[in-house]
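Structure, as structure tokens:
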Amino acid sequence: MTFQPFHFSTFQPFNLSTFQLFSMETNEYREQRLASMAALREMGFEPYGAKYEHTDLAVVRENFNEGATERIAGRLMTIRRMGKMNFATLCDGTAKFQLIFKRDELPEQSFAAFKLLNLGDIIGAEGTLFTTQKGEKSLIVKEWTILAKALEQPPEKFHGLADQEERYRRRYVDLMTNDDSRERFFQRSRIIMETRKYLWSKGFTEVETPILQSQAGGAAAKPFETHFNALDQKMVLRIAPELYLKRLIVGGMNKVFELGKDFRNEGIDRSHNPEFTVLEVYEAYGDRTSMEAIIEGLIPHLCDTVVGTRRIEYGEAKEIIDFNPPFRRVAYNDLVKELMGEDWYSIPFAEQLERAKAKAAETETNLELDGVETTLMLTHEVYDKLIEKNLRQPTFVTRLPHEFVPLAKACKDDPSLVDVFEFVVGGRELCPGYTEQNDPIEQRKALEHQAGEDTEKIDEDFISALECGMPPTGGLGIGVDRLVMLLTGVDGIRDVVLFPQMKS
RNA sequence: GGGGGCGUAGCUCAGCUGGUAGAGCAAGUGACUCUUAAUCACUGGGUCCAGGGUUCGAAUCCCUGCGCCCCUACCA
């Protein structure tokens, strides 16, 4: 059989009503692509191909060997048709590579069928490596096959997909189009892998504790509720793994961590997604300072292995954050005195109020002073609005007021303070670390105080575990999404979560 | 929760005080054997987010709804 060149004008095996049988939405592009798909079939090219042995484009690029034969596969990102010699860019997620479809080098039918390829189609190609006069590493295609026909038109090649909503809702389009977005998610994956490797290297064991729980504990947040049909029982999704991990410490698993999801039934904004990834670490016979050591080891490790530098550009201002340890350690009260004066804690409340207002005015900051009636509350407002935001470089803020952290152990030398840190970077709290409360009597008091009237909320089994004796323990919880934001230099959580929660 | 903004072709975006809906990319046809945001010529392509209102006439003005973004508040 001799090959007949294909023309749309003479090709009519279908019509519009045929499409409407199986497609709810049709447009010019879809129709044209269905037509070229049918034409490819006519010519013996099955538009949805099979397994294709190939070499990753990054590897081909790395081991480029002029004249060698290679098999590669990927999505067509650009096509530059010039008649008898055509260029295309193939992208497989590891790299991009130029293909050359030359009439001299291809069987007649393959060269003709090339005209039926569209942007977004996935093809496999075999040919010889070649460097163009402009120095572009390329593959001269000797043979190709289509692996998947795309019916949808990909976004514009230059701007990519810019609409934020579309990028979140249809992440696959974002990933195939936007290199920076794709690279960020590969980085996220590496951050998680290196976190595991680091903790394993320090003797920690990864564990999994229940996400589906009968009562939520370990944090103060509204849980998502669900129903367990078999038991006809209300269940919740966990808001923190903490109470289960401490049970493991009681049981003798001395160094454990869990990397998993928490769910909090609260608002969505640029730093909150209702489901988010947390890392919690517990070390028996340790305390807050053991956790500081982990932070000071882990974050530089992630910088070295994933980012390639310990000086990270953060946010739109490209602020440089330096993760070379040691990080600054400073007591909460010292930070307050640094800003508000050495005598801050010895002057009357009225005078504190005046001083706070004056300081706020200097930086045009609004203090929320409604209901602020004590030095403690005022100081905390000052810390929140005037101090924390200015802690740009990595800082452990230690010795916090007991009232704000009821579940940690008090400082030995001052029962009004707790032996914890907040690790602050870029003016935001990245993670807390505790010397955990292991006194079951004190723990019950604190939980009862927190629960108020609603005694049902106390996890009696957890208290019971503490009554079996929990060694002194250091604990740490990191919001992994925020860590990834920091290390990849973006300031929206939706840019580091593959499928952020969106309203349906 | 409060305030502000946005929604127009497959994509990126124009569209003034209301008067027949525009460009670039992409697409179709043709030319072109070193292009790379290829180039050149011609051609096709719209539920202007949805619904209501004002008006002779609405993408444009008003109201309601939906979605997204920003600021702010809340948040172990």
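The existence of a salt bridge linking Asp287(A) and Lys409(A) is excluded, since no basic side-chain nitrogen approaches an acidic carboxylate oxygen closer than 4.0 Å.
Within the 4.0 Å cut-off from OP1 or OP2 of rG28(B), at least one side-chain nitrogen or oxygen of Asn118(A) is found. For Lys503(A) and rG67(B), the shortest distance from a side-chain N or O to OP1 or OP2 is below 4.0 Å. Side-chain nitrogen and oxygen atoms of Arg270(A) include none within less than 4.0 Å of the OP1 or OP2 phosphate oxygen of rC69(B). At rC75(B), none of the side-chain N or O atoms of Arg264(A) fall inside 4.0 Å of OP1 or OP2 (strictly under the cut-off).
In this structure, the side chain of Gln213(A) does not engage the main chain of Ala216(A) through any donor-acceptor pair within 3.5 Å. Side chain of Asp269(A) to main chain of His272(A): a donor-acceptor pair is present (N/O by atom type, distance under 3.5 Å, no hydrogens or angles). Listed for the Thr94(A) side chain is a donor-acceptor partner under 3.5 Å among the backbone atoms of Ala58(A).
Distance noted for atom P between rA73(B) and rG3(B): 15 Å (whole Å). For the C1' atom pair drawn from rA59(B) and rC6(B), the interatomic distance equals 14 Å after rounding to whole Å. For the P atoms, the distance from rG51(B) to rU60(B) is 12 Å, rounded to whole Å. Going from the C1' atom of rG45(B) to that of rA21(B) covers 12 Å, rounded to whole Å. A distance of about 15 Å separates the C1' atoms of rC25(B) and rU39(B), rounded to the whole Å. Taking atom C1' on both rC70(B) and rA14(B), the two are 23 Å apart, rounded to the nearest angstrom. For rC63(B) and rC75(B), the P atoms lie 33 Å apart once the distance is rounded to whole Å. The P atoms of rU55(B) and rC69(B) are separated by 38 Å, rounded to the nearest whole Å.
With rounding to whole Å, Glu31(A) atom CD is found 12 Å from rG28(B) atom C1'. The separation between Lys149(A) atom NZ and rA27(B) atom C1' is 12 Å, rounded to whole Å. Regarding Tyr168(A), its OH atom lies at a distance of 14 Å from the C1' atom of rG67(B), rounded to whole Å. The distance from atom CD1 of Ile268(A) to atom C1' of rC69(B) is 14 Å, rounded to the nearest whole Å. Separating the CE atom of Met85(A) from the C1' atom of rU36(B) is a distance of 12 Å, rounded to the nearest angstrom. Across the protein-nucleic acid pair, Asp384(A) atom CG and rC75(B) atom C1' stand 11 Å apart, rounded to whole Å. Atom CD of Gln32(A) is separated from atom P of rG45(B) by 12 Å (rounded to the nearest Å). We find that CG of Leu90(A) is positioned 19 Å from P of rU36(B), with the value rounded to whole Å.
More than 12 heavy atoms of other residues, nucleotides or ligands sit less than 6.0 Å from atom CD of Glu66(A).
Nucleotide rC68(B) has rG5(B) as its partner under the Watson-Crick or G-U criteria, with both atom distances under 3.5 Å. rC25(B) is paired with rG10(B) under the Watson-Crick or G-U wobble criterion, all donor-acceptor distances under 3.5 Å. Searching all strands for a Watson-Crick or G-U wobble partner of rU33(B) with both distances below 3.5 Å returns nothing. Pairing for rA73(B) is absent, with no Watson-Crick or G-U wobble pair whose two atom distances lie under 3.5 Å. Under the Watson-Crick or G-U wobble criterion, with both distances below 3.5 Å, rU54(B) has no partner in any strand shown. Base pairing of rU20(B) is not made with any nucleotide, judged by Watson-Crick or G-U wobble geometry with both donor-acceptor distances under 3.5 Å.
Between the side chain of Glu165(A) and the base of rG67(B), no donor-acceptor pair of N or O atoms lies under 3.5 Å. Interface remark: the Asp104(A) side chain does form a donor-acceptor pair with the rU33(B) base, using a distance-only criterion of under 3.5 Å. The base of rC13(B) lies outside donor-acceptor range of the side chain of His159(A), with no N or O pair under 3.5 Å. Taking only distance into account, the side chain of Glu136(A) never meets the base of rU35(B) through a donor-acceptor pair shorter than 3.5 Å.
Pairs engaging residues 72-81 of chain A under the salt bridge (charged side-chain N to carboxylate O under 4.0 Å, His left out) rule: none recorded [sequence neighbours left out].
Ranking rG44(B), rA73(B), rC34(B) by closeness to the Gln133(A) side chain, first place goes to rC34(B). Set against rG44(B), rC69(B), rC13(B), the side chain of Ala162(A) has rC13(B) as its closest nucleotide. If you check rC11(B), rA27(B), rU35(B) against the side chain of Tyr29(A), the one that comes closest is rA27(B).
Below 30°, between 30° and 60°, or above 60°: for Phe396(A) and Phe421(A) the angle between ring planes is above 60°, a perpendicular geometry.
Here Gly477(A) lies out of heavy-atom contact (under 4.0 Å) with every strand. Note on Arg81(A): a base of the nucleic acid sits closer than 4.0 angstrom, heavy atoms only. Counting non-hydrogen atoms under 4.0 angstrom, Arg167(A) reaches nothing in the nucleic acid. Residue contacts shown for Ile100(A) are absent, as no nucleic acid heavy atom lies under 4.0 Å away. In this structure, Leu119(A) reaches the sugar-phosphate backbone alone: every heavy-atom distance under 4.0 Å involves primed, P, OP1 or OP2 atoms, never a base. Residue contacts shown for Phe130(A) include a base, since a base heavy atom lies under 4.0 Å away. Residue Asp269(A) is in base contact, counting any heavy-atom pair closer than 4.0 Å across all strands shown.
When each of Lys102(A) and Asp163(A) is assigned the nucleotide of RNA chain B bearing its nearest heavy atom, the one mapping closer to the 5' terminus is Asp163(A).
The CG atom of Leu476(A) sits 10.0 Å away from atom CZ of Phe423(A), with the distance rounded to the nearest 0.5 Å.
A cation-pi contact, defined as under 6.0 Å to the ring centre and within 45° of the axis, is absent between Arg61(A) and Phe64(A).
The ring of Phe158(A) lies on top of the base of rA37(B), close enough and flat enough: under 5.5 Å between centres, under 30° between planes.
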